Amino acid sequence: MKNIITQFSRLFVGVLFIISGLIKLNDPVGFSYKLAEYFSEPVFNIPFLEPLALGLALFLVILEIVLGVMLLIGYKSKITIWSLLILIILFTFLTFYSAYFDVVKDCGCFGDALHLTPWQSFSKDIVLLFFILILFINKELIKPLFSNSIQNVITYVSIILCVFMGVWVLNHLPIKDFRPYKIGSNIEKGMEIPEGAPQSVVEMIFIYNVNGVNKEYTEKDLMAIPEGATFVDRKDKVITEGYVPPIHDFTMEKDGEDHKDQFLKEPKLMIFVTYDLTLSDPSGMEKLEKLNEEAKAKGYKVIAMTASGQDEIAAAKKQYKLNVDFYFCDAITLKTIERANPSIVILNEGTVIQKVHYNDIKDLKL
């Protein structure tokens, strides 16, 4: 019986680690955004690690996949199980921290393929920790499936294939797009809230300075505010999260006006997406004006979207001789639309019909 439970744990943990790792390796840039969120000032306050987020993301997802493979074939079982235990303890701590302090809303455990709430992510890690502890206690029952030379070949091949996949998606786009802006998605429909969808329950909190100390009061406590207290601020506390449409915070703002209703009716709209012009790849930016001219000659309306300020926009237009108008959109939304910086998106009346990395401009069908 002990052997059956151990072998089931081996299969369950190995397969889950491989699946989870492959989903994240399909989109390592997206996973790096999650790591950067953990490193940011509001969470762990270690911003010096943010520039390393992509490298760490690649290392972790490849490690996750390779450890899953090693567990399944029984390769170096003691080292493998110890590594899995350390990794799951780290993941469990992160998901508990996210859930308890309500800081990172989605750990990115399964990328954009499956969104889990922080408490769901923590529960998943607790289950994995339970099965890994079974493996840890019964390490002697994890026997190799093949000879040592074959085990070596399988392990090294899995590492090489993972590295190749990581390099490929970084220089092109995710092999499978799970995001709400994938090809075939209509942006306007993605912003719709279904009739009868649950609404958010929000409580207004009023902050008053009382004798030099800021104190919070709810609406029902307003009559209890002492005389002489000074109003400081008001904030909204979300009691229950309502329905959030897949696409939200999507804007095309210029000069204080949102133009998305106009542009989402365009039959031939090409968008250059670059969430931060100071971080955009120069080789990619240099290709945009030529593409702009070709697209306009074929009847396309061409615009650019960024979260950068006017000074950065002016500098980029001058440096790359760009003859396009830039429209503002939140950086997180632009990162969700596309991973490359810059990238090219083509819409037909609000429906995404093409998306390419700047390395793949030649694949565009105009």
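Numbers here are sequence positions counted from 1. Note that the coordinates shown come from a computational prediction; the quantities given were computed from them, not determined experimentally. Heavy atoms only: backbone and side chains are in, while hydrogens, waters and symmetry mates are out.
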Requested in this report: I would like to know whether Lys176 and Asp27 meet salt bridge (charged side-chain N to carboxylate O under 4.0 Å, His left out); could you show each step before the answer?
Outcome: CA-CA 9 Å; Lys176 176 68 175 175; Asp27 183 14; over 6 Å; no
Requested in this report: Would you please test Lys287 and Leu291 for side-chain contact (heavy atoms from CB on, under 4.5 Å) and show each step?
Outcome: CA-CA 7 Å; Lys287 301 174 183 178; Leu291 178 59; over 6 Å; no
Query raised in the report: Between Val69 and Leu72, does a side-chain contact (heavy atoms from CB on, under 4.5 Å) hold up when you go through it step by step?
Result: CA-CA 5 Å; Val69 171; Leu72 290 179; 5.9 Å; no
Query - Stepwise side-chain contact (heavy atoms from CB on, under 4.5 Å) test for Tyr181 and Glu338 - result: CA-CA 8 Å; Tyr181 297 91; Glu338 202 48 281; over 6 Å; no
**Report entry** Worked check of salt bridge (charged side-chain N to carboxylate O under 4.0 Å, His left out) between Glu188 and Lys260
**Finding:** CA-CA 9 Å; Glu188 286 184 306; Lys260 70 172 177 286; over 6 Å; no
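Side chains of Leu128 and Thr92 form no contact here, defined as non-hydrogen atoms less than 4.5 Å apart. Considering only heavy atoms from C-beta on, Leu279 comes within 4.5 Å of Tyr275 through its side chain. Within the 4.5 Å cutoff, the side chain of Ile73 has heavy atoms near those of the Thr155 side chain. Put simply, the side chain of Leu269 reaches to within 4.5 Å of the side chain of Ile271, judged on heavy atoms. Taking 4.5 Å as the limit, some side-chain heavy atom of Arg179 sits within range of a side-chain heavy atom of Pro174. Looking at heavy atoms from C-beta onward, Ser40 lies in side-chain contact with Glu50 at the 4.5 angstrom threshold. Annotation: side chain of Ile134 is not in contact with side chain of Arg10 (no heavy-atom distance under 4.5 Å). When side chains are defined from C-beta on, Ser158 does not count as touching Ile65, because their heavy atoms never get closer than 4.5 Å.
Cluster membership for Ile303 and Phe326, using ILVMFWY side-chain heavy atoms within less than 4.5 angstrom, is not shared. Tracing side-chain contacts under 4.5 Å through hydrophobic residues (I, L, V, M, F, W, Y), one never reaches Ile137 starting from Leu129; they form parts of separate clusters. Under a hydrophobic clustering in which Ile, Leu, Val, Met, Phe, Trp and Tyr are joined whenever their side-chain heavy atoms come within less than 4.5 Å, directly or via other members, Val345 and Leu364 fall into different clusters. Both Ile154 and Ile18 are assigned to one and the same hydrophobic cluster, defined by single-linkage of ILVMFWY side chains at heavy-atom distances under 4.5 Å. The cluster map of Ile, Leu, Val, Met, Phe, Trp and Tyr, joined by side-chain heavy atoms under 4.5 Å apart, puts Leu84 and Ile19 in the same cluster.
Between Thr80 and Met70 the shortest heavy-atom distance is OG1-CE, 3.3 Å. Listed here is the closest heavy atom pair of Leu145 and Gln151: N-NE2, 4.0 Å. Shortest non-hydrogen contact noted between Ala53 and Ser32 is CB-O, 3.5 Å. Across Asn186 and Lys189, no two heavy atoms sit closer than the pair OD1-N, 3.0 Å. Between Phe31 and Ala57, the shortest heavy-atom distance links the atoms CD2-CB, 3.6 Å. Considering all non-hydrogen atoms of both residues, Phe131 and Ser9 come closest at CD2-OG, 3.2 Å.
Judged by distance alone, with hydrogens and angles left aside, the side-chain atoms of Asn171 form a donor-acceptor pair with the main-chain N or O of Val167 at under 3.5 Å. Using a distance-only test at 3.5 Å, with no hydrogens or angles considered, a donor-acceptor pair links the side chain of Asp281 to the main chain of Gly284. Remark: the backbone N or O of Ile346 is not paired with any side-chain donor or acceptor of Lys268 at under 3.5 angstrom. Side chain of Gln7 to main chain of Leu141: a donor-acceptor pair is present (N/O by atom type, distance under 3.5 Å, no hydrogens or angles). Not a single donor-acceptor pair under 3.5 Å links the side chain of Lys215 to the backbone N or O of Asn209. In this structure, the side chain of Asn292 engages the main chain of Asn323 through a donor-acceptor pair within 3.5 Å.
A cation-pi contact, defined as under 6.0 Å to the ring centre and within 45° of the axis, links Lys139 to Phe136. Cation-pi geometry between Lys335 and Tyr33 is met: the NZ or CZ atom falls under 6.0 Å from the ring centre, inside 45° of the normal.
For Phe231, the CZ atom sits in a packed shell: over 12 heavy atoms of surrounding residues, nucleotides or ligands are nearer than 6.0 Å. Shown here is Glu140, whose CD atom has more than 12 heavy atoms of other residues, nucleotides or ligands within 6.0 Å. For Lys296, the NZ atom counts as densely surrounded, since its 6.0 Å shell holds more than 12 non-hydrogen atoms of other residues, nucleotides or ligands. No more than 12 heavy-atom neighbours from other residues, nucleotides or ligands sit within 6.0 angstrom of NZ on Lys365. Annotation: Trp82, atom CH2; neighbour count of heavy atoms from other residues, nucleotides and ligands within 6.0 Å does not exceed 12. Annotation for Ile332: atom CD1 does not count as buried by contact number, only 12 or fewer foreign heavy atoms lying within 6.0 Å. Remark: Asn3 CG is packed, more than 12 non-hydrogen atoms of other residues, nucleotides or ligands lying under 6.0 Å away.
For the residue pair Thr6 / Lys2, no side-chain donor-acceptor distance below 3.5 Å is found, with atom types taken as modelled. Side chains of Asn214 and Tyr208: no donor on one and acceptor on the other come within 3.5 Å. Residues Thr95 and Asp125 bring a donor and an acceptor atom of their side chains to less than 3.5 Å of each other. A donor-acceptor contact closer than 3.5 angstrom links the side chains of Tyr75 and Asn152.
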Run the side-chain donor-acceptor check on residues 305-312: report pairs under 3.5 Å with partners two or more places apart or on a different chain.
from: Thr306; atom 1: OG1; to: Thr274; atom 2: O; distance (Å): 2.8
from: Thr306; atom 1: OG1; to: Ser308; atom 2: N; distance (Å): 3.1
from: Thr306; atom 1: OG1; to: Ser308; atom 2: OG; distance (Å): 3.3
from: Ser308; atom 1: OG; to: Leu277; atom 2: N; distance (Å): 2.8
from: Glu312; atom 1: OE1; to: Gly309; atom 2: N; distance (Å): 3.2

Sequence neighbours left out, cut at 3.5 Å: what donor-acceptor pairs do the side chains of residues 248-257 make with other protein atoms?
from: His248; atom 1: ND1; to: Pro245; atom 2: O; distance (Å): 3.0
from: Thr251; atom 1: OG1; to: Phe328; atom 2: O; distance (Å): 3.1

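Considering CD1 of Ile353 and OG of Ser185, their distance stands at 13.0 Å, rounded to 0.5 Å. For the atom pair CG of Leu71 and OG of Ser77, the computed distance is 9.0 Å after rounding to the nearest 0.5 Å. The CG atom of Asp360 sits 5.0 Å away from the CG atom of Asp363 when rounded to the nearest 0.5 Å. Expressed to the nearest 0.5 Å, how far CG of Leu58 lies from CG of Leu170 amounts to 5.5 Å. How far CG of Leu56 is from OH of Tyr38: 14.0 Å, rounded to the nearest 0.5 Å. Expressed to the nearest 0.5 Å, how far CD1 of Ile86 lies from CD1 of Ile132 amounts to 11.0 Å.
For an aromatic pair to be called close, the ring centres must be under 6.0 Å apart, and Tyr217 with Phe206 fails this. If you look at Phe263 and Tyr327, their ring centroids are closer than 6.0 Å. Between Phe44 and Tyr97, the ring centre distance stays below 6.0 Å.
Ionic pairing of Lys265 and Glu349 is not present here: no N-O contact between side-chain nitrogen and carboxylate oxygen is shorter than 4.0 angstrom.
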